[in-house]
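One structure below.
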2 protein chains.
Amino acid sequence: MAKDLDPDSMHCNCPVTTTLEILGGRWKPIILYCLQDGPVRFNALKRMIPGITQRMLTLSLRELETDGLILRHVREVVPPHVDYAMSPLGDSLRPVLHAMNEWGAYYRTQTTPQKARSDAA
Amino acid sequence: MAKDLDPDSMHCNCPVTTTLEILGGRWKPIILYCLQDGPVRFNALKRMIPGITQRMLTLSLRELETDGLILRHVREVVPPHVDYAMSPLGDSLRPVLHAMNEWGAYYRTQTTPQKARSDAA
DNA sequence: ATAGGTAGTATCAAATTAGGTACTGGAAAC
DNA sequence: GTTTCCAGTACCTAATTTGATACTACCTAT
């Protein structure tokens, strides 16, 4: 997803694009999904999301944190514990995630079970 | 945006991801936005979206069409007219786009006017 | 006769995003 | 004393997405 678009090229300056920039990417939605029910630690997330590499998890968490959607809390024990939790701003995203979830589910019912586009590709 | 993810790698099989695959990309949201108030022709879209190339417009429209969100109608006149309109399925996306629009606007009010992340990058 | 509008394609290059593998350092468990 | 867990970082490559430019073919207006 393109960050830092040239404002001049964005004639509509559409807030939808802002949302997409923040939610976009391969891993962010599932991370947010995993944090919905309370704080989760780094390696716990890694186990909850098979297929993600440490690198991608770190990068995605950093971006979510920079965008203010999640909070990172380091407990200075040994070994260090770091847990990630939804921020209030992240919480405000819930209705959006919910709408997207509903629509995605609906969309699947409306397309042929054999996944039309994947087959075409 | 990654199409055709390996289902095995998607443990949550999250509908949000489906929505993101379909809405994602640089130009799709703005195209949908432009079609909200009725059919628009190819070159009219091009003029409404400064910065888009013909190629990207064509590709984006093709994908939106393949995903069933828009309808392509060729009028066999000379020169040929092609207009693009929201399909019923595309219409069903409106609440989602609306939620994303609201949140994107809200998000902008919650972050420093100087665009924290762009500056950090 | 030349230029401009219609809706695109084709080809190549650049930018962005994602993934793979190896590595860190300290503590605890075996 | 070697391995494992913790939360990462560094480095390099692969895949995907986007962009620039040039081209098509037909018709109309000047």
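Numbers restart at 1 for each chain; the letters A, B, ... are given by sequence-line order, proteins then strands.
- Taking CD1 of A:I31 as the start and CG of A:L64 as the end, the distance is 5.5 Å to the nearest 0.5 Å.
- Note: NE2 (A:H81) to P (D:dC5) measures 14 Å, nearest angstrom.
- Contact annotation: B:R26 side-chain N/O to C:dT16 OP1/OP2 distance is not under 4.0 Å.
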Side-chain donor-acceptor pairs of residues 79-87 of chain B under 3.5 Å, sequence neighbours excluded:
from  : atom 1 : to    : atom 2 : distance (Å)
B:H81 : ND1    : B:R41 : NH1    : 3.1
B:H81 : NE2    : B:R41 : NH1    : 3.3
B:H81 : NE2    : B:R41 : NH2    : 3.2
B:D83 : OD2    : B:R75 : NH2    : 3.2
B:Y84 : OH     : B:R72 : NE     : 3.2
B:S87 : OG     : B:G68 : O      : 2.6
B:S87 : OG     : B:L69 : O      : 3.0
B:S87 : OG     : B:L89 : N      : 3.2
B:S87 : OG     : B:G90 : N      : 3.0

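- Here the closest heavy-atom approach between residue B:R108 and residue A:C14 is recorded as NH2-O, 3.4 Å.
- Remark: P of D:dA7 and CD1 of A:I49 are 14 Å apart, rounded to the nearest angstrom.
- One atom, CZ of A:F42, and another, C1' of C:dT24, lie 14 Å apart when rounded to the nearest Å.
- Within the nucleic acid shown, A:R75 has no heavy atom closer than 4.0 Å to any nucleic acid atom.
- When the side-chain nitrogen and oxygen atoms of B:R47 are compared with OP1 and OP2 of C:dG5, none of them lie within a distance under 4.0 Å.
- The nucleotide whose nearest atom lies closest to any side-chain atom of B:T53 is, among D:dA20, D:dG8, C:dT6, D:dA20.
- By the side chain to side chain donor-acceptor pair (under 3.5 Å) test, A:R47 is found to be paired with no residue, residues two or more places apart in sequence or in another chain being considered.
- Atom NZ in B:K46 sits about 10 Å away from atom C1' in C:dA7, given to the nearest Å.
- Minimum atom distance to the side chain of B:P79 is reached by C:dG5, of the listed C:dG19, C:dG5, D:dC6.
- Less than 4.0 Å separates DNA chain C from at least one heavy atom of each of the following residues of residues 54-62 of chain B: B:Q54, B:R55, B:T58, B:R62.
- The phosphate of C:dA7 (OP1 or OP2) has no side-chain N or O of B:R72 nearer than 4.0 angstrom.
- Straight-line distance from the CZ atom of A:R41 to the P atom of D:dC5: 13 Å, rounded to whole Å.
- Separating the CG atom of A:N43 from the P atom of D:dC5 is a distance of 9 Å, rounded to the nearest angstrom.
- A:D91 pairs by the side chain to side chain donor-acceptor pair (under 3.5 Å) definition with A:R94, not counting sequence neighbours.
- In this structure, the side chain to side chain donor-acceptor pair (under 3.5 Å) partners of A:S92, at least two apart in sequence or on a different chain, are B:W103.
- Remark: A:S60 engages no residue in a side chain to side chain donor-acceptor pair (under 3.5 Å) (not counting sequence neighbours).
- Whole-Å rounding puts the A:I70 CD1 to D:dA7 P distance at 14 Å.
- When rounded to the nearest whole Å, the span between CD of B:E65 and C1' of C:dA7 equals 13 Å.
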